[in-house]
Amino acid sequence: MTLIRSLLFLVYLIVYTPLHAVFCFITFPFLNPHRRFWVAAAWTKITLWVASWLVGIRWKYEGWEHVEAAVASNKPIVLLSKHQSAWETLAFPATMPRPLCYVFKRELLYVPFFGWALGMLKMVHINRKDGANAFASVARQGKERMADGAWMIMFPEGTRTPVGAPNPRYKSGGARFAVDTGAWVLPIALNSGRLWPRNAFLKHPGLITVSVGPAISSAGKTSDQLNREVQTWIETEMRRIDADSYREPA
C-alpha cells in the first residue's frame with residue numbers, strides 16, 4: 001500500500017506542478033511580491049493536503065505561541081531549522097503567517113516549471129562560486145526582504161541530514177546573517193525524515209512533529225555564540241521529539 005500511495009503522490013506532483021507553475025506565469029505580472037508568494041504557496045498547501053490525504057503524512061506544531069509572539073513583535077525574524085526532508089520546504093510556506101524568503105543555490109532556477117516559478121519570487125539565490133561575495137549578496141538582499149515584511153529561512157546544516165546520522169556541524173551563515181542584521185532567530189526542530197526520507201521514493205504514513213523554540217536575540221553575540229545556542233536548542237529538542245515519534249504501519 002505504501003508503494004501504491006507513493007506512486008500516486010509522484011503522479012500528482014508530475015501532473016499538478018506544471019499546471020500551477022503555468023498559472024503563476026500568467027498571474028504574476030499582475031501581482032505585487034507578497035501576492036505572488038501566496039499564489040505560489042497555494043501549491044505547497046495543496047501538496048501538503050494531498051500528502052496527508054493520499055499518503056497519510058500528518059503534522060503538528062509545538063511552540064506555536066512563539067510564532068505568534070514573533071508576529072506580534074514585528075521584529076525581523078530568521079527561521080533556522082533542522083533539515084531532514086523535502087517536506088519542510090513545502091510545509092513552512094504553507095503554514096507560516098508571514099511570507100518566507102529562502103536562500104538557495106542558483107542551480108534550482110533551472111529546474112523546469114518549479115525553478116522557473118521560483119525565479120519570479122523575491123527569494124535570495126546565490127552562486128556558491130562567488131565565495132565571500134555570496135554572503136554579502138545574501139545580507140543585502142535579505143535586509144531588503146525583511147524590510148518588506150518577509151521572514152528569512154535557512155537550514156544551518158546546509159543539506160538534508162538522514163535520520164540517525166551524527167549531529168552535523170552547523171554552518172554559521174544563518175547566525176552570521178542574524179547578527180549582521182540585528183534579527184531574532186526562531187529555532188525549529190522536526191522529525192520529517194522518519195516519514196519522508198531524504199532522496200527516497202517511498203513516503204510513509206504517520207505524524208511529523210515541528211517544534212518551535214522561543215525567539216533568540218542576536219544582540220551582543222558573535223555568530224559563533226548564536227550558532228552554538230541555536231544548535232544546542234535544536235539538537236536537545238530533537239532528542240525529545242525523536243523519543244516520542246512514531247510511524248504508522250504501511
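Since this is a predicted model, take the numbers as computed values, not measurements.
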For residues 28-38, pull every pair meeting side chain to side chain donor-acceptor pair (under 3.5 Å), keeping only residues two or more places apart or in separate chains.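 Those involving residues 28-38 do not exist here.
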
Any side-chain heavy atom of [X] within less than 4.5 Å of one from [Y]?
{"X": "M146", "Y": "W151", "value": "no"}
{"X": "L100", "Y": "F37", "value": "yes"}
{"X": "R194", "Y": "H204", "value": "no"}
{"X": "Y102", "Y": "L79", "value": "no"}

Backbone of [Y] reached by a side-chain donor or acceptor of [X] within 3.5 Å:
{"X": "S52", "Y": "L48", "answer": "no"}
{"X": "S223", "Y": "A175", "answer": "no"}
{"X": "S6", "Y": "L3", "answer": "no"}

Between K221 and E229, is the closest basic N to carboxylate O distance under 4.0 Å?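 Salt bridge: yes.
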
More than 12 foreign heavy atoms under 6.0 Å from CH2 of W64: is that the case here?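 Yes.
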
Measure the spacing between [atom1] of [X] and [atom2] of [Y] and express it to the nearest 0.5 Å.
{"X": "D148", "Y": "C101", "atom1": "CG", "atom2": "SG", "answer": "9.5 Å"}
{"X": "W59", "Y": "T209", "atom1": "CH2", "atom2": "OG1", "answer": "13.0 Å"}
{"X": "I153", "Y": "I77", "atom1": "CD1", "atom2": "CD1", "answer": "12.5 Å"}
{"X": "K171", "Y": "L80", "atom1": "NZ", "atom2": "CG", "answer": "14.0 Å"}
{"X": "D242", "Y": "E235", "atom1": "CG", "atom2": "CD", "answer": "9.0 Å"}
{"X": "H66", "Y": "S211", "atom1": "NE2", "atom2": "OG", "answer": "7.5 Å"}

In terms of hydrophobic clusters joined by side-chain contacts under 4.5 Å, are [X] and [Y] together?
{"X": "F23", "Y": "F30", "result": "no"}
{"X": "W49", "Y": "M96", "result": "yes"}
{"X": "L202", "Y": "I14", "result": "yes"}

Run the side-chain contact (heavy atoms from CB on, under 4.5 Å) check on V78 and L186 step by step: do they pass? CA-CA 6 Å; V78 178; L186 281 181; over 6 Å; no

Who pairs with F9 by ring-ring contact (aromatic ring centres under 6.0 Å, His included), at least two apart in sequence or on another chain?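 Expected list: Y12, W196.
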
What residues form a salt bridge (Lys or Arg N to Asp or Glu O under 4.0 Å) with [X], not counting sequence neighbours?
{"X": "D224", "result": "none"}
{"X": "R198", "result": "none"}
{"X": "E68", "result": "none"}

Contact summary for [X] and [Y], nearest pair of heavy atoms:
{"X": "A183", "Y": "S218", "answer": "O-OG, 2.7 Å"}
{"X": "W233", "Y": "P214", "answer": "NE1-CD, 4.1 Å"}
{"X": "K82", "Y": "A189", "answer": "CB-CA, 4.2 Å"}
{"X": "T47", "Y": "L13", "answer": "CG2-CD2, 4.0 Å"}
{"X": "L10", "Y": "F201", "answer": "CD2-CE1, 3.8 Å"}
{"X": "V179", "Y": "L226", "answer": "CG2-CD2, 3.9 Å"}

For the residue pair H20 and Y16, does the interplanar ring angle fall in the parallel (under 30°), tilted (30 to 60°) or perpendicular (over 60°) class?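 Answer is tilted, since the angle falls between 30° and 60°.
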
Pairwise salt bridge (Lys or Arg N to Asp or Glu O under 4.0 Å) hits with a residue in residues 7-25, at least two apart: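 Sorted pair list comes back empty.
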
Going through the distances and angles, do L19 and W43 end up as a side-chain contact (heavy atoms from CB on, under 4.5 Å)? CA-CA 10 Å; L19 294 177; W43 174 78; over 6 Å; no

Would you check, one step at a time, whether the test side-chain contact (heavy atoms from CB on, under 4.5 Å) holds for F177 with V103? CA-CA 11 Å; F177 174 84; V103 178; over 6 Å; no

Check the pair L195 / W87 against side-chain contact (heavy atoms from CB on, under 4.5 Å), numbers first and verdict last. CA-CA 9 Å; L195 307 184; W87 180 87; over 6 Å; no

